[in-house]
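Throughout, numbering of the chain's residues begins at 1 and tracks the sequence. All values reported here derive from a predicted model rather than from experimental measurement.
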Amino acid sequence: MTHPIRLGAVAAAAALLALSACSQGSATREDGGEDGQTVVRYMEFSSNGGNEQNLEAIVAAFEEENPDIDVQVETTPYADYFTKLQTAVAGGTEADAFELNYENFVTYADSGALAELDVDGDAYTPSLLEAFQHDGVQLGLPESFSDVVLFYNKDLFAAAGVPEPTADWTWEDERAAAEALTDTAAGVWGDYQPATFHEFYKALAQAGGQFLTEDGSATAFNSPEGIAAARWLTEKSGTVMPTEAEGAGTPDFDSTLFREGKLAMWHSGIWMFGPLADVPFEWDVVVEPGDQTKASAMFTNGVVVSANSEHPEEAQAWLEFLTSSDTTVETRLDAGWELPPIADQDKLAPYLEQTPPANRQAVFDALDETVLPPVIVRQQEMQDAVTEELGNAAAGRKTVEQAVADAAARVDELL
C-alpha cells in the first residue's frame, strides 16, 4: 500500500504562483447553482482511487444542511493535480477551495494565493491546526493526517525475554533492545529505520536540533545534534538491521520482513495497520522513542480558500464541514480513509476500539510533539541530497561527520 498522504515535490515556480496576486480572473464561475444557489467549486485529489463516493456522501450531507450552497467537486489524480492547480492559480481560474499537502501549502501561502480564515480552532487537534498557519495567520484547515509510530513484534520480545517498548523509551532503550533481539544466524533483525531524509529531519528534532535556520536562509543541521541524528540512523545498518546490499531500501523489503516475523521493531506509518491485520503473531505500537525530546513525523493534507474566491464565507463553511463534521468523522472512520483531524477523542472511539494494534492511542499521543518536514522550492533535490549522503555514511563510504557536512553544503546550494 502506498503512503496515503502522498509527499511530492513542491509545486514549482513561486514566481508563477505570484501571478495570482495580480490576475484579473475570477476563481468562481458566473453561473449560479439551481434555484439561485451559490456555487462553491472544490478541487481535490485525495478521494481519487476509491473514496470518490465517500466524498460525495459528505457533500450531500453538507448541501442538505446548507441548501443555498451547491458544492461542485473536481477530482484530479495526484500525479496531475499540482501541475493543473499551478496553471489555474497563475491564471486566476482556480476553484474557490482546494486541497494541498503540507509541503505545497507552504509554497502557496508564501505566494499570497490563499485567503485568511476565521475559524473556531477548538474542533481541531492543535498541532494539526498549527501546521496550516503561516506567519501567525490561519490560511488553511487540516483535513486528514497520518503519523509514524514504532511497531514491534510481541512474540519476538517474549521469546528473547526483552521488556516491550513503552512510551518512556529513549534511543538508548531502543538500541539496547535491538541489539538483544538481533539474531543474524536466524535471520532475525532487531530494528528497521532507513537512513533517509524523512527519518533524518525527525531524528534531528528528537536530538534537539533543527534543519534550517530560523529565517530559512541556510541549513542548521551540520551540528552536534545533526551528527547524533545521522549516527543514530546510519549505525543501525549491518548491526541491528540489514544493509542496502542485503535488500534494505528496496520496495516492500521492510514490510515483508516484519510480516514474516523476522523483524522485532519497525519505524513505519499507521497506514500499515490494515495490511498487518492478518499476520500470525502478536504485535503492537508505541510512540517513537526520542533522544533529547519526543518528535513524531506527521503527514497531513489541508484545505484552503482561494484569495480570488467571490464566495469565501460559503467556501469556508464547506471546508469546516469537510474537516470536522460528525458526518466526515464517521465516513472516514468507516471507510478507513485517513484520519480526521478533530480534537474530540470520544468521536474517535470506534477507531481506538479496533485491533490490532491494541495501543491505537499512540497514534494520537504522537500528535502531542510533532515535527513537520522542512520545505524549500527545490524540495525533491534537497530530499535526494540528504538521503544520498546518509547512504554514503551507512555504507561506510564517508564518515558520519563528512556525510552531514556534505549534505548541508549541497542543501545550502539549493536555497
message: With side chain to side chain contact (heavy atoms under 4.5 Å, CB included) as the criterion, how do Leu204 and Phe211 come out once you've worked through the C-alpha distance, each side chain's angles and the decisive distance to 0.1 Å?
response: CA-CA 7 Å; Leu204 176 65; Phe211 196 93; 4.0 Å; yes
message: So which atom in Phe145 and which in Pro341 form the shortest heavy-atom distance, rounded to 0.1 Å?
response: CD2-CA, 4.3 Å
- prompt: Got a salt bridge between Glu413 and Arg410, using NZ or NE/NH1/NH2 to carboxylate O under 4.0 Å?
  reply: no
- request: Determine yes or no for a side-chain-to-main-chain donor-acceptor pair under 3.5 angstrom, with Ser127 supplying the side chain and Thr370 the backbone.
  value: no
query: Among side-chain atoms of Glu164 and Tyr152, is any donor-acceptor pair under 3.5 angstrom?
result: yes
message: Looking at every heavy atom in both Thr219 and Val411, which two are closest together, and how far apart are they?
response: CG2-CG1, 3.5 Å
field: Val287 side chain near Ser296 side chain, heavy-atom distance below 4.5 Å
entry: yes
Donor-acceptor contact below 3.5 Å, side chain Thr355 vs main chain Ala358: no
task: Can you spot which of Phe281, Phe273, Phe157 makes a ring-ring contact (aromatic ring centres under 6.0 Å, His included) with Phe151?
output: Phe273
task: Compute whether any side-chain donor of one residue and acceptor of the other, for Ser309 and Ser306, lie under 3.5 angstrom apart.
output: no
query: Using 30° and 60° as the class limits, which term best fits the ring planes of Tyr192 and Phe253: parallel, tilted or perpendicular?
result: tilted
field: Distance (rounded to the nearest 0.5 Å) between Leu339 CG and Asp147 CG
entry: 8.0 Å
- prompt: Quick one: does Thr250's side chain have a donor or acceptor within less than 3.5 Å of a partner on Gly247's backbone?
  reply: yes
- prompt: Ignoring hydrogens and geometry, is there a side-chain-to-backbone donor-acceptor pair from Arg332 to Pro340 under 3.5 Å?
  reply: no
field: Closest heavy-atom pair and its distance - Lys347, Ile342
entry: CB-CD1, 3.7 Å
task: Check whether the side chains of Asp215 and Thr213 place a donor and an acceptor atom closer than 3.5 Å, and report yes or no.
output: yes
- request: State, without any angle test, whether Glu225 and Ser223 hold a side-chain donor-acceptor pair at a distance under 3.5 Å.
  value: yes
field: Lys294 (side chain) donor-acceptor with Ala167 (main chain) under 3.5 angstrom
entry: yes
task: Output the distance between atom CG (Asp291) and atom CD (Glu172), rounded to the nearest 0.5 Å.
output: 7.5 Å
task: Test Ile376 against Gln379 for side chain to side chain contact (heavy atoms under 4.5 Å, CB included), laying out the working first.
output: CA-CA 5 Å; Ile376 67 173; Gln379 183 78 4; 4.2 Å; yes
- request: Decide side chain to side chain contact (heavy atoms under 4.5 Å, CB included) for Leu129 and Leu141; before the verdict, give the C-alpha distance in whole Å, the side-chain angles of both, and the deciding distance to 0.1 Å.
  value: CA-CA 6 Å; Leu129 186 69; Leu141 293 177; 4.1 Å; yes
task: State, without any angle test, whether Thr75 and Glu44 hold a side-chain donor-acceptor pair at a distance under 3.5 Å.
output: yes
field: OH on Tyr81 to CD on Gln86, rounded to 0.5 Å
entry: 12.5 Å
- request: For this output row, return yes or no: ring centroids of Phe98 and Tyr42 closer than 6.0 angstrom.
  value: no
query: Does the Gln316 side chain pair with the main chain of Asp118, one donor and one acceptor, at a distance under 3.5 Å?
result: yes
Test salt bridge (Lys or Arg N to Asp or Glu O under 4.0 Å) applied to Glu388 and Lys398, step by step: CA-CA 11 Å; Glu388 181 180 338; Lys398 293 183 179 181; over 6 Å; no
query: Are the side chain of Thr87 and the backbone of Thr83 linked by a donor-acceptor contact shorter than 3.5 Å?
result: yes
task: Output the distance between atom CD (Glu314) and atom CD1 (Ile69), rounded to the nearest 0.5 Å.
output: 5.5 Å
- request: Is it possible for you to check whether Arg360 lies under 6.0 Å from the centre of the six-membered ring of Tyr351, through NZ or CZ, and within 45° of that ring's axis?
  value: yes
- prompt: Any side-chain heavy atom of Phe82 within less than 4.5 Å of one from Leu100?
  reply: yes
task: Using modelled atom types only, decide if a donor and an acceptor are shared between the side chain of Gln383 and the backbone of Phe197 within a distance under 3.5 Å.
output: no
query: Does CG in Asp278 sit with more than 12 non-hydrogen atoms of other residues, nucleotides or ligands closer than 6.0 Å?
result: yes
Side-chain heavy atoms of Leu322 within contact of Phe62, under 4.5 Å: no
- prompt: For the ring pair Phe221 and Phe200, is the centre-to-centre distance below 6.0 Å?
  reply: yes
message: For a quick test of reading the model, state the closest non-hydrogen atom pair linking Trp171 to Ala207 and the distance between them.
response: CH2-CB, 4.0 Å
- prompt: If only atom types and distance count, is the side chain of Ser255 paired as donor or acceptor with the main-chain N or O of Asp252 below 3.5 Å?
  reply: yes
task: Please indicate whether Glu63 has more than 12 foreign heavy atoms, meaning atoms of other residues, nucleotides or ligands, lying under 6.0 Å from its CD.
output: yes
- prompt: Is there a donor-acceptor pair closer than 3.5 Å between any side-chain N or O of Asn359 and the backbone N or O of Val285?
  reply: yes
message: Less than 3.5 Å apart, any donor N or O on the side chain of His134 or Glu116 sitting next to an acceptor on the other?
response: no
- request: Identify, with sequence neighbours excluded, every residue that meets side chain to side chain donor-acceptor pair (under 3.5 Å) alongside Trp232.
  value: Gln193
Could you pull out every donor-acceptor pair under 3.5 Å between side chains of residues 238-245 and any protein atom, sequence neighbours left out?
residue : atom : partner : partner atom : Å
Thr239  : OG1  : Glu235  : O            : 2.7
Thr239  : OG1  : Lys236  : O            : 2.9
Thr243  : OG1  : Ala245  : N            : 3.4
Thr243  : OG1  : Glu246  : N            : 3.2
Thr243  : OG1  : Glu246  : OE1          : 3.2

query: Please walk me through it: do Trp318 and Thr323 pass side chain to side chain contact (heavy atoms under 4.5 Å, CB included)?
result: CA-CA 9 Å; Trp318 156 239; Thr323 56; over 6 Å; no
task: May I ask you to check whether Glu199 and His267 show a side-chain donor-acceptor distance below 3.5 Å?
output: no
field: CG on Asp173 to OG1 on Thr166, rounded to 0.5 Å
entry: 7.0 Å
- request: Carefully, step by step, assess Glu94 and Arg41 under the rule salt bridge (Lys or Arg N to Asp or Glu O under 4.0 Å).
  value: CA-CA 9 Å; Glu94 73 275 18; Arg41 294 168 55 216; over 6 Å; no
- request: Using distance alone, with no hydrogens and no angle criterion, decide if Gln380 and Asp384 have a side-chain donor and acceptor under 3.5 Å apart.
  value: yes
field: Criterion salt bridge (Lys or Arg N to Asp or Glu O under 4.0 Å) on Arg397 and Glu389, from CA distance to verdict
entry: CA-CA 9 Å; Arg397 293 186 289 268; Glu389 294 298 345; over 6 Å; no
query: For the atom pair CG (Asn54) and CG (Asp334), what is the distance rounded to the nearest 0.5 Å?
result: 8.5 Å
- prompt: What is the minimum heavy-atom distance between Ala295 and Val371, and which atoms define it?
  reply: CB-CG1, 4.2 Å
query: Any side-chain donor paired with an acceptor under 3.5 Å for Glu338 and Ser146?
result: no
message: Can you tell me if Glu313 has over 12 outside heavy atoms packed within less than 6.0 Å of its CD?
response: no
